[in-house]
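A short worksheet on the structure shown next.
Each residue takes its place number in the sequence, starting with 1. Since this is a predicted model, take the numbers as computed values, not measurements.
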Amino acid sequence: QVQLVESGGGLVQAGGSLRLSCAASGRTFSNYPLGWFRQAPGKEREFVASSTWRGGNIYYADSVKGRFTISRDNAKNTVYLQMNSLKPEDTAIYYCAADPEGSNWRDPSQWGYWGQGTQVTVSS
């Protein structure tokens with residue numbers, strides 16, 4: 001059983017930055033593909049970024065490309081999401097996920113493990 005715990009969310013002004021962390025425990029972490037999703041009020045959960053376990057195949061949603069960076073530190077069993085140039089539309093609960101099934105990693109239903117989320121609020 002894999003447990004994922006997000007942290008680092010908070011309130012930030014537009015144009016600012018935040019770094020989210022997701023710590024994993026319970027089972028081997030380093031071999032899992034990893035992803036970040038977010039869910040804003042009144043909207044469905046949407047894909048943000050993903051990385052293979054080697055870190056060599058990274059994808060971003062068009063809405064965050066060039067602003068967000070996903071990375072991982074396998075020695076610490078932690079995945080990060082560096083968020084720069086934040087916009088009010090980035091406001092959401094951010095979730096980390098691990099171990100997708102199938103090929104469409106942008107689909108939340110493909111992922112096997114989820115954290116409880118951390119709130120990110122960007123003021124205008």
Taking the side chain from [X] and the backbone from [Y], do they hold a donor-acceptor pair closer than 3.5 Å?
{"X": "Asp90", "Y": "Lys87", "value": "yes"}
{"X": "Thr91", "Y": "Thr121", "value": "no"}
{"X": "Glu6", "Y": "Cys96", "value": "yes"}
{"X": "Thr78", "Y": "Lys76", "value": "yes"}

**Asked** When rounded to the nearest 0.5 angstrom, what distance separates OH in Tyr95 from CZ in Arg38?
**Response** 13.0 Å
**Prompt:** Does CD belonging to Glu46 count more than 12 external heavy atoms closer than 6.0 Å?
**Reply:** yes
**Message:** For Ala24 versus Leu4, what's the shortest heavy-atom pair and its separation?
**Reply:** CB-CD2, 3.6 Å
**Request:** Check the pair Asn84, Ser17 against side chain to side chain donor-acceptor pair (under 3.5 Å), reporting the backbone distance first and the verdict last.
**Result:** CA-CA 4 Å; Asn84 298 325; Ser17 299; 2.9 Å; yes
**Asked** Given the side-chain rings of Phe37 and Phe47, with only the six-membered ring counted for Trp, is the space between their centroids under 6.0 Å?
**Response** yes
**Message:** Per the ring pair (Phe, Tyr, Trp, His ring centres under 6.0 Å) rule, what does the pair list look like for residues 57-92, sequence neighbours excluded?
**Reply:** none
**Asked** Does a side-chain heavy-atom distance below 4.5 Å link Leu81 with Thr69?
**Response** no
**Prompt:** Is any side-chain heavy atom of Ser7 closer than 4.5 Å to a side-chain heavy atom of Thr118?
**Reply:** no
**Message:** For Trp111, does the six-membered ring have the charged nitrogen or CZ of Arg45 within the cation-pi criterion, i.e. under 6.0 angstrom from the centroid and within 45° of the normal?
**Reply:** no
